[in-house]
Amino acid sequence: MNNNNILYKLIDKLEEERILDEKEFIFLLDNISQSLVEYTAEKARKTALSIFGNRIFIRGLIEFTNYCKNDCYYCGIRRSNRNAQRYRLTKEEILECCRIGYDLGFRTFVLQGGEDPFFDDDILVDIIMEIKKNHPDCAVTLSLGERARDSYQRLFDAGADRYLLRHETADENHYKRLHPPELSLENRKKCLRVLKEIGFQTGAGFMVGSPWQTCETLARDLLFLKELSPAMVGIGPFIPHKDTPFAGKAAGTLEQTIFLLSLLRIMLPDVLLPATTALGTIDPRGRERGILAGANVVMPNLSPVSVRKKYLLYDNKICTGEEAAECSGCLKNRMEDIGYEIVIDRGDYKPRGEEFLDV
Ligand code: SAM
Ligand code: FES
């Protein structure tokens, strides 16, 4: 068998068994070619179509604070970045974003921010309850980093439905090279387990092409995600930010991100999988390519235009200038151009049995 045939057979095996071993994943990742990416994307696209049809779920992203007590080496809003202009949205501003978003058809709001101690449990509970009161038919997703179990529990009890916490890398040594010593993979994983236990639809994920990432660490990411079996997986290319220690590092590639999206779709068929803003930043058609490779979610920006340029995790971030309506209108057109339709739906995670895939 020539190399290509072995690679295609591995993709077929992944489709049948929904898992490969570490060596097999490494072999695939070591041998990425255009033809392999296309072969895998086609299978991933068919899998997504069999479960979600051509329906794309949207999430309205509200970047409500860029204060952060952490100092992750890759991140543009890390506490050591003195050039970041810090801001916090008020409760009223957050509620206004939701109101505008609701009228635009959003039924999920994602509150994302740095780890900002100002937003303690009492303040967050109040905001979550108010959003749920104003929009009882909407889901609230939180992306606020690491907190204690009782804090996560209070946010859940207040009505939050989902929580996004990327694990960033499942390899201990790699984790240490991306984060300062006070952060640990162990705690990150513990938080993910706790979130699931509490009952959140939980999302993990990683950056593609982060410094010192290898095919080995990526294989570990895939195996970790299989074991965790999350409701959502967020992956996007690493993109350097000029005011961070990783300013001079190379960005992740479109090809590798697309390939990983496809592997994830085939491995976790019903997972909610966004085509991220970072993917749209490294390539003007990145999000479309992501959808055609198996993604089924997009997350337009609902933050007020006045703060968008301040929530800069990486350089050249797209969608920092448009109004919410323009931004979601643009994505609607982009999805329609490739034969997909944005739907007005909470888009909850609904685990399905394998048999569904055979229909
Ligand atoms: N503080 C929360 C947390 O830690 O989960 C949420 C905000 S954090 C900025 C959201 C995600 O942005 C991170 O999980 C990371 O994967 C991604 N991110 C940060 N810097 C990035 C960069 N330079 N390129 C691409 N993605 C980046
Ligand atoms: Fe805290 Fe990036 S370092 S959000």
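Atoms within a ligand are numbered from 1 in the order they appear, just like the ligands themselves. Starting from 1, each residue takes its place in the sequence as its number.
- Note on atom 2 (Fe) of ligand 2: protein N, O or S atoms under 2.8 Å away count 1, no waters included.
- Partner of R59 under the side chain to side chain contact (heavy atoms under 4.5 Å, CB included) criterion, out of V297, L164, V298: V297 alone.
- For R177, there are no side-chain hydrogen bond (donor to acceptor under 3.5 Å, both in side chains) partners, not counting sequence neighbours.
- Among the candidates T40, D270, N296, the single residue satisfying the side chain to side chain donor-acceptor pair (under 3.5 Å) test with R265 is N296.
- Heavy-atom neighbours of E17 CD from other residues, nucleotides or ligands within 6.0 Å: above the threshold of 12.
- Residues that satisfy the ring pair (Phe, Tyr, Trp, His ring centres under 6.0 Å) test with Y102, not counting sequence neighbours, are H135.
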Tabulation required: pairs of a nitrogen or oxygen in ligand 1 and a protein nitrogen or oxygen under 3.5 Å; columns are atom names and distance to 0.1 Å; otherwise 'none'.
unit_1: ligand 1; atom_1: 1 (N); unit_2: G113; atom_2: O; d: 2.9
unit_1: ligand 1; atom_1: 4 (O); unit_2: R188; atom_2: NH2; d: 3.4
unit_1: ligand 1; atom_1: 5 (O); unit_2: R188; atom_2: NH2; d: 3.3
unit_1: ligand 1; atom_1: 14 (O); unit_2: E168; atom_2: OE2; d: 2.5
unit_1: ligand 1; atom_1: 16 (O); unit_2: R166; atom_2: NH1; d: 2.9
unit_1: ligand 1; atom_1: 16 (O); unit_2: E168; atom_2: OE1; d: 2.9
unit_1: ligand 1; atom_1: 16 (O); unit_2: E168; atom_2: OE2; d: 3.4
unit_1: ligand 1; atom_1: 23 (N); unit_2: Y74; atom_2: O; d: 3.0
unit_1: ligand 1; atom_1: 23 (N); unit_2: I239; atom_2: O; d: 2.7
unit_1: ligand 1; atom_1: 23 (N); unit_2: L313; atom_2: O; d: 3.4
unit_1: ligand 1; atom_1: 24 (N); unit_2: I239; atom_2: N; d: 3.1
unit_1: ligand 1; atom_1: 24 (N); unit_2: I239; atom_2: O; d: 3.4

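- Atom CZ of R78 and atom CZ of F246 lie 8.5 Å apart (nearest 0.5 Å).
- Using a 4.0 Å cut-off between charged nitrogen and carboxylate oxygen, E42 and K46 count as a salt-bridge pair.
- Rounding to the nearest 0.5 angstrom, the gap separating the CD1 atom in I100 from the CZ atom in F106 is 11.0 Å.
- Minimum interatomic distance between Y73 and P180 (heavy atoms only, all atoms of both residues): OH-CA, 3.2 Å.
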